[in-house]
Amino acid sequence: MSARVIDGTAVARRVREDVAKGVEQLLAAGGRPPGLATVLIGDDPASEVYVSNKRRLSVAAGMQDLHRHLPGDVDQETAAALIDELAADPAVSGILLQLPTPKHLDSEALIARIPAAKDVDGLTTANAGLLAQGRPGLRPCTPAGVMVLLEEYDVPLSGAEAVVVGRSVLVGKPMAQLLLAKNATVTMAHSRTKDLAEVCRRADVLVVAAGIPGLVGADAVRPGATVIDVGIHRGENGLHGDVEFDSVAEVAGALTPVPGGVGPMTIAMLLANTLTAAKAQQGIGD
Ligand code: NAP
């Protein structure tokens, strides 16, 4: 293997430690602890694990756990009323609606009720618009975490060719915007892209968020490129990503593993966003 393995677990730990220090500084300045309201609807086991990790790590960073759980058969009005209650509660700095919600609910309508200032997942149209216009706002956690990894590993972005595979609102679109804001030349690939491998080979920085196990192999990677694998798939032998790790590691210059790459960064950036939101709401700090 020639690629440097990007250690998301270590970077995420450092980000969480910085957030914990930031919480201490907020309290020392007379502020209130940031409060994170995770909202889980139903009892999907994977979502329960994700939410319990978010709650545990927010408490470890000194935040208040303001978690709320609604039954899976809750109606739209009741779920909307909960979001409105959290939106109005000054103890709540950030609201995270765990996705996916049960199919009978309109999750976009629920997200639309979250005030931009408490949208710690960065998914409201207001925060997406601020990002598109290059203005300050809360950024979606997974692409924001990828940017921190690229910065930590000194990956040059200005003038670099970046290819993002996937164009979801959650990952691909904000990822492309964040890379563009750092002056990369960005190409977005998706399911209709012709000759995906050829497009990917342009990349100095390749971010893969397609949700297809092993979609990107060594033939799609320019020698020396930095490859970020956002995909998460649970297989018989544990977790793996959208990138064929073993073959790509022979070609790439740097590569994120799954697990231990982008995944841990997502929660760390959620905590960073919650601290940012709390400080802005309380008028303390930057
Ligand atoms: P998504 O909403 O399903 O979007 C997938 C995107 O990939 C779509 O834009 C789709 O194109 C594109 N795509 C699908 N098949 C493709 C193909 N064969 N070639 C090129 N592009 C293709 O998924 P997502 O929410 O963005 O998530 C993507 C992956 O990241 C999933 O594995 C998810 O579990 C993982 N994820 C991980 C984290 C983390 O914390 N590490 C966070 C979020 C998501 P179209 O638009 O044309 O359909």
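Order of appearance sets the numbers: ligands from 1, and atoms from 1 within every ligand. All values below were derived from every heavy atom in this structure, side-chain atoms included, with hydrogens, water molecules and symmetry-related copies excluded. It should be emphasised that the depicted structure is a prediction, and the values quoted were computed from it without experimental measurement.
- Residue L36 belongs to a hydrophobic cluster whose other members are L96, V120, L270, with links defined by side-chain heavy atoms closer than 4.5 Å.
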- Steps toward side-chain contact (heavy atoms from CB on, under 4.5 Å) verdict (K182, L179): CA-CA 5 Å; K182 292 290 180 189; L179 290 163; 5.9 Å; no
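- For E108, the CD atom counts as loosely surrounded, since its 6.0 Å shell holds 12 or fewer non-hydrogen atoms of other residues, nucleotides or ligands.
- At a threshold of 4.5 Å between non-hydrogen side-chain atoms, the residues V19 and M63 count as touching.
- More than 12 heavy atoms of other residues, nucleotides or ligands lie within 6.0 Å of CZ in F245, so this atom counts as buried by the packing criterion.
- Ligand 1 lies under 4.0 Å from heavy atoms of T142, V165, G166, R167, S168, L170, V171, H190, S191, L196, A209, A210, G211, I212, L215, V230, G231, I232, H233, V262, G263, T266.
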- Query: Step by step, would you call E85 with R68 a salt bridge (charged side-chain N to carboxylate O under 4.0 Å, His left out)?
  - Reply: CA-CA 11 Å; E85 180 196 325; R68 302 292 283 268; 3.1 Å; yes
